[in-house]
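Notes for the one structure printed next.
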Amino acid sequence: FISGKSKSIEFATTDTEGSEPEGPIKFREAKNPGYIARTTETGLEGDLTIDFAKTRKGSGATRRMAGTKWNHIPIDSDGLPITTSKEYKDSITNIAASLASGETVNIAGHGIYSIKANQKSVDAAMNSMFSKITQRLKKLGVLNSLPDSAKIITGGQTGFDEAGAKAAAKYGFKTEVIAPKGYIYRTQPGTRGDIADKAKFKERFGRSEPTKGKLGRKPKEPTIHEDP
């Protein structure tokens with residue numbers, strides 16, 4: 001089921017150039033400016049893209065950029081995942097299988113300004129989903145022997161991007177946020193809601209403390225790493 005060299009999930013215990021002690025999340029900027037450039041990068045890098053969206057058109061340019069790797073999870077009138085849907089249940093299986101195979105899973109979806117639910121509610125929904133993914137990997141017997149290449153990426157926007165990164169880090173998965181160049185994020189519809197502030201961008205992710213470390217031991221203090 002798993003090919004290639006494997007390595008147990010663990011958290012960074014030493015700092016590298018540019019690292020900041022905020023949590024087990026790595027940040028980097030997209031190579032080119034603009035939201036579409038960022039979405040292109042996450043779509044191409046992800047072996048599987050999970051898109052929490054109102055319709056099968058997807059959120060923004062996500063479906064177009066992910067191509068055949070795009071998977072839709074429907075959301076309800078408040079903007080939260082419909083957990084009884086076949087798409088939701090299948091996605092848990094697919095995410096677990098991708099991670100077990102050492103692949104990159106891209107989490108995407110609507111920003112908080114596009115839905116009724118607040119960030120706290122979306123965070124709770126994603127925590128629940130990653131709990132199920134963790135249980136699935138545990139049932140498969142591979143939770144502590146995932147390939148080192150297995151990771152979760154997001155585009156770092158409010159809503160599902162932010163919640164996905166925080167939940168993945170909390171449950172001990174290698175997590176990376178690919179921010180739009182200039183660390184831009186949107187707080188309300190349209191460009192008037194754009195904020196370009198690296199510190200504020202990263203503040204939103206807080207300290208996503210992992211629930212457990214390697215083999216269930218209490219982890220050492222994790223760190224955020226940033227590419228120089």
Side-chain angles (χ1 to χ4, degrees), residues 1-11 23-26 42-43 45-53 56 58-59 62 66 68-76 79-109 117 121-155 159-177 205 208-219 222:
F1 187 61
I2 301 176
S3 61
K5 187 176 180 180
S6 297
K7 184 177 180 180
S8 299
I9 298 176
E10 53 188 324
F11 304 97
I25 298 176
K26 184 176 182 179
T42 54
E45 185 168 329
D47 296 294
L48 173 70
T49 288
I50 304 296
D51 192 7
F52 295 84
R56 288 192 58 80
S59 61
T62 301
T68 58
K69 301 176 290 183
W70 182 81
N71 283 242
H72 173 236
I73 293 183
I75 59 177
D76 62 23
L80 296 174
I82 300 175
T83 59
T84 56
S85 68
K86 183 179 185 299
E87 293 93 336
Y88 180 89
K89 295 173 182 177
D90 287 349
S91 288
I92 290 171
T93 300
N94 293 339
I95 292 169
S98 287
L99 292 173
S101 298
E103 294 182 341
T104 296
V105 178
N106 175 33
I107 301 294
S121 296
V122 180
D123 289 351
M126 293 306 292
N127 278 332
S128 177
M129 186 173 193
F130 271 91
S131 174
K132 293 179 175 68
I133 293 165
T134 299
Q135 290 303 311
R136 175 68 177 167
L137 288 166
K138 186 176 181 181
K139 189 175 293 186
L140 292 172
V142 297
L143 179 60
N144 290 317
S145 57
L146 294 180
D148 191 47
S149 56
K151 68 176 178 178
I152 300 293
I153 63 172
T154 86
F160 287 98
D161 287 17
E162 179 181 328
K166 290 189 290 190
K170 177 179 179 179
Y171 280 92
F173 298 104
K174 182 183 292 185
T175 307
E176 186 169 14
V177 169
F205 296 85
S208 301
E209 299 294 353
T211 56
K212 65 178 182 178
K214 182 178 177 182
L215 302 179
R217 294 194 294 268
K218 183 178 180 180

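Quick caveat: nothing in here was measured; it's all calculated off a predicted structure. The figures here come from the full heavy-atom set of this structure, side chains too, leaving out hydrogens, waters and symmetry mates.
- Here Ala163 pairs with Gln119, Val122, Asp123, Met126 under the side chain to side chain contact (heavy atoms under 4.5 Å, CB included) rule; sequence neighbours left out.
- Thr104 pairs by the side-chain hydrogen bond (donor to acceptor under 3.5 Å, both in side chains) definition with nothing, not counting sequence neighbours.
- Residue pairs meeting the salt bridge (Lys or Arg N to Asp or Glu O under 4.0 Å) criterion with at least one member in residues 90-99, sequence neighbours excluded, are Lys86-Asp90.
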Side chain to side chain contact (heavy atoms under 4.5 Å, CB included) evaluation trace for Thr175 with Lys166: CA-CA 8 Å; Thr175 307; Lys166 290 189 290 190; over 6 Å; no
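- Ile107 pairs in a side-chain contact (heavy atoms from CB on, under 4.5 Å) with only one of the listed residues (Asp161, Ile50, Asp51), which is Ile50.
- By the salt bridge (Lys or Arg N to Asp or Glu O under 4.0 Å) test, Lys132 is found to be paired with no residue, residues two or more places apart in sequence or in another chain being considered.
- Thr93 meets the side chain to side chain contact (heavy atoms under 4.5 Å, CB included) test with Arg136; sequence neighbours excluded.
- Classified by interplanar angle (parallel below 30°, tilted 30° to 60°, perpendicular above 60°), the ring pair Phe160/Phe52 is parallel.
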Chi angles and distances behind the side chain to side chain contact (heavy atoms under 4.5 Å, CB included) call for Phe173, Leu137: CA-CA 12 Å; Phe173 298 104; Leu137 288 166; 3.6 Å; yes
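- Contacts of Ser121 classified as side-chain hydrogen bond (donor to acceptor under 3.5 Å, both in side chains), with partners at least two apart in sequence or in another chain: Asn118.
- No donor-acceptor pair under 3.5 Å is formed between the side chain of Thr154 and the backbone N or O of Ala165.
- Here the side chain of Ser98 pairs a donor or acceptor atom with the backbone of Asn94 at under 3.5 angstrom.
- Side-chain atoms of His72 come within 3.5 Å of backbone N or O of Ala53 as a donor-acceptor pair.
- When atom types are taken as modelled, the side chain of Thr134 and the backbone of Phe130 share a donor-acceptor pair closer than 3.5 angstrom.
- Minimum interatomic distance between Leu99 and Pro147 (heavy atoms only, all atoms of both residues): O-CD, 3.7 Å.
- Considering all non-hydrogen atoms of both residues, Val177 and Gly155 come closest at CG1-C, 4.3 Å.
- For the residue pair Tyr171 and Ser131, the shortest heavy atom distance occurs at OH-CB, 3.4 Å.
- Partners of Lys69 according to the side chain to side chain contact (heavy atoms under 4.5 Å, CB included) rule, which considers only residues two or more places apart in sequence or in another chain, do not exist here.
- Residues that satisfy the side-chain hydrogen bond (donor to acceptor under 3.5 Å, both in side chains) test with Thr62, not counting sequence neighbours, are Ser59.
- In this view, Asn106 and Thr42, Thr49, Ile153 satisfy the side chain to side chain contact (heavy atoms under 4.5 Å, CB included) rule, not counting sequence neighbours.
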Side chain to side chain contact (heavy atoms under 4.5 Å, CB included) between Ile92 and Met129, intermediate numbers included: CA-CA 7 Å; Ile92 290 171; Met129 186 173 193; 4.1 Å; yes
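- Take Glu45 and apply the side-chain hydrogen bond (donor to acceptor under 3.5 Å, both in side chains) test, not counting sequence neighbours, and it matches Arg28, Lys151.
- Ala100 approaches Leu146 most closely through the heavy-atom pair CA-CD2, 3.8 Å.
- When atom types are taken as modelled, the side chain of Lys174 and the backbone of Ala150 share no donor-acceptor pair closer than 3.5 angstrom.
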